[in-house]
Amino acid sequence: MISIGQMALISIISHIIFIYITWRLVLAMNFEPIIKKGRTTEGTIFLLFLTIVIGTGVSNFFLEILRWSSDLIYLF
C-alpha cells in the first residue's frame with residue numbers, strides 16, 4: 001500500500017512531467033497565426049496556462065488509474 005507521503009511525491013512528479021511533456025507538444029504547434037501582432041507576451045502566458053490545464057488533467061487521469069488499480073485488492 002502506498003503511504004500518503006509517497007502518493008504526494010508521485011503526484012508532484014507526475015504533474016511536473018506531464019506539464020513538461022505538454023509544453024513540448026504545444027511548442028511544436030504553430031500558434032503564430034492565432035496570436036495578434038504585439039501580443040506575444042499574452043499569447044505565451046495563455047499557452048502556459050493551457051499547458052498547465054492539459055498537463056494536470058492528463059496527470060490526474062493517470063494518478064486516478066493508479067489509485068483505482070491499487071484499490072482492486074479490496075474487490076475480492
Side-chain angles (χ1 to χ4, degrees):
M1 197 71 193
I2 298 176
S3 73
I4 295 173
Q6 290 172 335
M7 195 62 194
L9 184 62
I10 291 171
S11 297
I12 290 170
I13 292 171
S14 173
H15 277 67
I16 290 172
I17 288 172
F18 281 108
I19 288 172
Y20 175 74
I21 290 170
T22 307
W23 179 251
R24 297 291 298 190
L25 292 173
V26 166
L27 289 180
M29 299 173 139
N30 185 16
F31 287 103
E32 294 298 325
I34 299 172
I35 300 171
K36 293 181 180 180
K37 294 198 185 292
R39 299 284 186 159
T40 56
T41 303
E42 289 90 347
T44 304
I45 292 171
F46 173 74
L47 291 178
L48 178 66
F49 287 160
L50 183 67
T51 299
I52 291 170
V53 169
I54 294 172
T56 302
V58 174
S59 178
N60 282 331
F61 171 76
F62 282 105
L63 290 171
E64 286 294 319
I65 295 294
L66 178 66
R67 284 186 199 111
W68 292 335
S69 64
S70 66
D71 288 342
L72 284 176
I73 60 172
Y74 299 114
L75 184 60
F76 300 106

Next item on the list: Decide yes or no for I35 and F46: does some side-chain heavy atom of the first lie under 4.5 Å from some side-chain heavy atom of the second?
Entry: no
Notebook entry, point to check: Are there more than 12 heavy atoms of other residues, nucleotides or ligands under 6.0 Å from atom CD1 of I65?
Noted result: yes
Next item on the list: Check each of L66, L9, L63 against S14 using the side-chain contact (heavy atoms from CB on, under 4.5 Å) test, and report the only one that passes.
Entry: L63
Next item on the list: Could you tell me whether F62 and F18 have their ring centroids closer than 6.0 angstrom?
Entry: yes
Check: Is the count of non-hydrogen atoms from other residues, nucleotides or ligands lying under 6.0 Å from R67 atom CZ greater than 12?
Finding: yes
Notebook entry, point to check: Side-chain heavy atoms under 4.5 angstrom apart, residues restricted to Ile, Leu, Val, Met, Phe, Trp, Tyr: same cluster for V58 and V53?
Noted result: no
Check: Can you tell if the side chain of K36 reaches within under 4.5 Å of the side chain of E42, non-hydrogen atoms only?
Finding: no
Notebook entry, point to check: Can you hop from W23 to M29 via hydrophobic side chains spaced under 4.5 Å?
Noted result: yes
Checklist line | Distance in Å, I16 CD1 paired with T56 OG1, rounded so as to fall on 0.5 Å steps | finding: 10.5 Å
Next item on the list: Supply the atom-to-atom distance I54 CD1 to S59 OG, rounded to the nearest 0.5 angstrom.
Entry: 13.5 Å
Item checked: Pairwise distance CG(L47) to CD1(I34) - rounded to 0.5 angstrom -> 8.5 Å
Notebook entry, point to check: Are I17 and Y20 close enough that some pair of their side-chain heavy atoms sits under 4.5 Å apart?
Noted result: no
Item checked: Check: I52 and H15 side chains under 4.5 Å, non-hydrogen atoms -> no
Next item on the list: Decide yes or no on side chain to side chain contact (heavy atoms under 4.5 Å, CB included) for T41 and I45, but give the supporting numbers first.
Entry: CA-CA 6 Å; T41 303; I45 292 171; 4.1 Å; yes
Next item on the list: Mind checking the CZ-OG1 spacing from R24 to T51? Nearest 0.5 Å is all I need.
Entry: 12.0 Å
Check: Does F61 CZ have over 12 foreign heavy atoms under 6.0 Å away?
Finding: no
Notebook entry, point to check: Can you tell me how far the CD1 atom of I13 sits from the OG atom of S11, to the nearest 0.5 Å?
Noted result: 9.5 Å
